[in-house]
Amino acid sequence: MTGPNVAPTDALPFLPFALPDIGEEEIAEVVACLRSGWVTTGPKTRQFEQEFGAYLGGGLETVSVNSATAGLHLALEALGIGPGDEVIVPTMTFTATAEVVRYLGAQPVLVDVNPVTLNIEAAAIEAAITPRTKAVIPVHYAGLACDMDAILEVAARHRLRVVEDAAHAFPTVYKGQLVGTLGSDVTVFSFYANKTMTTGEGGMVVTRDAALAARVRLMRIHGIKQDAFARYTSTSPAWFYEVVAAGFKYNLTDIAAAIGVQQLRKIDRFLLRRKALAQAYFDGLKGLPLQLPPDAAAGSGHAWHLFVVRLAEAAPLGRDALIAGLSTLGIGTSVHFIPLHRHPYWRDSGDLLPQQFPAAEASYASMLTLPLYTKMSDAEHQRVIAGVRELLS
């Protein structure tokens with residue numbers, strides 16, 4: 001039998017573009033969680049939050065949520081974003097970055113990206129500011145940090161709030177500091193299945209603002225004032241609670257946090273492996289008609305969540321043909337991203353035209369994401385390199 005991840009028996013196994021690295025440690029932690037009798041938000045979630053904050057360096061408020069999308073929504077809500085407001089968002093991102101703005105009745109304003117890094121730039125942000133602009137969401141594309149000094153300077157001059165979408169960026173370093181410890185109002189990380197570490201589904205909201213963190217904690221569980229964990233573990237009557245806001249159901253479970261506790265302990269090893277795989281791509285793809293992704297500057301560090309290449313004009317075939325060719329060789333790829341302005345909802349609701357986003361348009365036409373995940377063996381990695389070379393030589 002064959003299927004999406006099953007190659008014919010006379011062929012090599014299909015290589016997906018991403019795969020989580022789950023070991024016996026995560027399995028044992030989840031089993032212990034299940035046996036504890038506490039499976040929703042509780043002691044394991046708190047442990048994960050505390051250890052994540054300690055990894056970043058302390059002095060931070062960390063609030064776990066069931067997705068980065070939820071975290072972005074809660075962050076903007078806590079910052080008071082609402083109807084009539086505008087939030088600047090790069091077009092080269094997943095729809096979640098923009099849709100959370102709409103959840104609050106505000107308007108996402110899409111801007112183009114840097115043609116090399118595919119990150120949002122301070123100049124594009126400043127050009128898009130109007131009297132209604134209240135915030136900006138920089139996206140650290142593929143694991144490479146945006147130029148946050150320049151972005152924060154513009155934001156400070158125009159009194160804008162800054163929410164970093166760090167779904168790709170753990171553990172990314174910007175000028176010697178981990179993303180999550182910079183000068184923005186909030187940073188939101190993702191632990192989706194294909195990220196640098198995973199909880200299956202999940203995310204983390206990080207901030208130095210205790211009041212903002214308190215609002216996020218309140219709103220992630222229905223706007224209930226009293227902590228549910230404290231109520232349910234109390235040995236004395238503790239049935240009373242108050243709903244003080246129309247909140248959401250965005251909490252992370254202890255089962256998911258149990259995975260995160262063990263994944264976090266492996267993150268430095270994961271990063272070393274991702275760096276090694278990225279370097280092997282640089283070495284193995286040299287000389288082909290490809291634009292390889294930029295590495296971080298000295299003093300900074302790339303998380304290598306994604307390895308995105310772009311075909312040069314001299315390439316013997318187009319992006320779609322290369323993707324199809326690699327698929328016939330049993331190699332999975334993806335595209336990150338179809339720019340938001342190309343999706344019917346965002347295009348039509350904003351009357352957006354491709355020529356407004358020349359860098360994103362040019363990149364999208366030629367880009368694909370090659371497999372990069374820590375469980376990938378050296379032999380599997382060489383299969384990808386060999387496949388790309390075969391098709392482009």
Side-chain angles (χ1 to χ4, degrees), residues 4 16-18 66-77 81-115 117-121 124-125 127-130 132-142 146 163 165 167-168 188 190 192-195 201 203 248 250 305-306 308-311 318-324 327 332-369:
F17 98 90
N66 60 13
S67 70
T69 307
L72 291 169
H73 183 196
L74 290 170
L76 293 176
E77 194 278 339
I81 304 301
D85 294 339
E86 293 177 350
V87 178
I88 298 170
V89 175
T91 189
M92 190 61 78
T93 187
F94 186 60
T95 190
T97 313
E99 74 189 21
V100 295
V101 179
R102 277 287 165 83
Y103 292 173
L104 296 164
Q107 174 66 34
V109 176
L110 302 185
V111 300
D112 206 4
V113 291
N114 179 283
T117 66
L118 303 183
N119 277 330
I120 193 172
E121 291 189 297
I125 293 168
I129 293 171
T130 75
R132 296 198 300 173
T133 308
K134 295 296 188 295
V136 57
I137 307 180
V139 177
H140 302 299
Y141 180 84
C146 299
V163 178
D165 183 336
H168 295 184
V188 181
S190 172
Y192 183 63
N194 68 345
K195 296 302 190 293
E201 297 276 3
F248 311 98
Y250 280 167
H305 166 51
L306 301 173
V308 179
V309 300
R310 285 172 271 180
L311 288 165
R319 187 267 311 278
D320 294 358
L322 179 56
I323 289 174
S327 181
T333 57
S334 191
V335 174
H336 293 87
F337 294 96
I338 302 171
L340 294 186
H341 69 266
R342 279 183 157 259
H343 291 283
Y345 176 78
W346 299 113
R347 179 194 65 212
D348 298 343
S349 62
D351 293 324
L352 302 176
L353 299 172
Q355 53 265 37
Q356 296 173 256
F357 309 93
E361 277 290 302
S363 299
Y364 168 64
S366 63
M367 64 165 44
L368 69 153
T369 306

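Residue Thr97 forms a side-chain contact (heavy atoms from CB on, under 4.5 Å) with just one option from Leu110, Val139, Thr69, and that option is Val139.
Interatomic distance, CG of Leu72 versus CD of Glu77, reported as 13.5 Å (0.5 Å rounding). Note that CD of Glu99 and CG of Leu340 are 9.5 Å apart. Values are rounded to the nearest 0.5 Å. Rounded to the nearest 0.5 angstrom, Tyr103 OH and Leu74 CG are separated by 11.0 Å. Put simply, CZ on Arg319 and OH on Tyr364 are 5.0 Å apart, with the number rounded to the nearest 0.5 Å. Rounded to the nearest 0.5 Å, atoms CG (Leu76) and CZ (Arg102) are 13.5 Å apart. To the nearest 0.5 Å, the span separating OG on Ser366 from CG on Asp320 amounts to 11.0 Å.
Of all heavy-atom pairs spanning His168 and Tyr141, the tightest one is ND1-C, 3.8 Å. The heavy-atom pair separating Ala18 from Asn194 by the smallest distance is CB-CB, 3.7 Å. Taking every heavy atom of both residues into account, Val89 and Pro108 meet most closely at CG2-CB, 4.4 Å. What you find for Ala128 and Thr133 is that their closest heavy atoms are O-OG1, 3.9 Å. Residues Val113 and Ala359 approach most closely at O-CB, 3.2 Å, considering heavy atoms. Ala68 approaches Val188 most closely through the heavy-atom pair O-CG1, 3.5 Å.
Take Arg342 and apply the salt bridge (charged side-chain N to carboxylate O under 4.0 Å, His left out) test, not counting sequence neighbours, and it matches Glu361. Evaluation of the salt bridge (charged side-chain N to carboxylate O under 4.0 Å, His left out) rule for Glu86 yields Arg132 as partners, not counting sequence neighbours.
Remark: side-chain polar atoms of Ser363 are not paired, donor with acceptor, to backbone N or O of Ala360 under 3.5 angstrom. No side-chain donor-acceptor contact under 3.5 Å links Asn114 to the backbone of Asn119. Arg310 contributes no side-chain N or O that, together with a main-chain N or O of Met367, makes up a donor-acceptor pair within less than 3.5 Å.
Within the 4.5 Å cutoff, side-chain heavy atoms of Val335 are placed close to those of Ile323. A heavy-atom distance below 4.5 Å is not found between the side chains of Asp85 and Leu104. Between Thr333 and Leu322 there is no side-chain heavy-atom pair separated by less than 4.5 Å.
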Hey, mind stepping through Ile81 and Val87 against side chain to side chain contact (heavy atoms under 4.5 Å, CB included) and telling me if it holds? CA-CA 8 Å; Ile81 304 301; Val87 178; 3.9 Å; yes
Can you list the steps and then say if Thr93 with Ile137 is a side chain to side chain contact (heavy atoms under 4.5 Å, CB included)? CA-CA 10 Å; Thr93 187; Ile137 307 180; over 6 Å; no
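Note: His336 and His305 have perpendicular aromatic rings, judged against thresholds of 30 and 60 degrees for the angle between ring planes. Aromatic ring orientation, Phe337 versus Phe94: tilted (interplanar angle from 30° to 60°). Between His341 and Phe357, the ring-plane angle classifies as parallel under the 30° and 60° cut-offs.
Between the side chains of Trp346 and Thr95, a donor-acceptor pair is found at a separation under 3.5 Å.
The environment of Phe248 atom CZ is dense: over 12 non-hydrogen atoms of other residues, nucleotides or ligands sit within 6.0 angstrom. The number of heavy-atom neighbours closer than 6.0 Å to OH of Tyr250, taken from other residues, nucleotides and ligands shown, is above 12.
Sorted by first then second residue, the salt bridge (Lys or Arg N to Asp or Glu O under 4.0 Å) pairs that include residues 348-360, not counting sequence neighbours, number zero.
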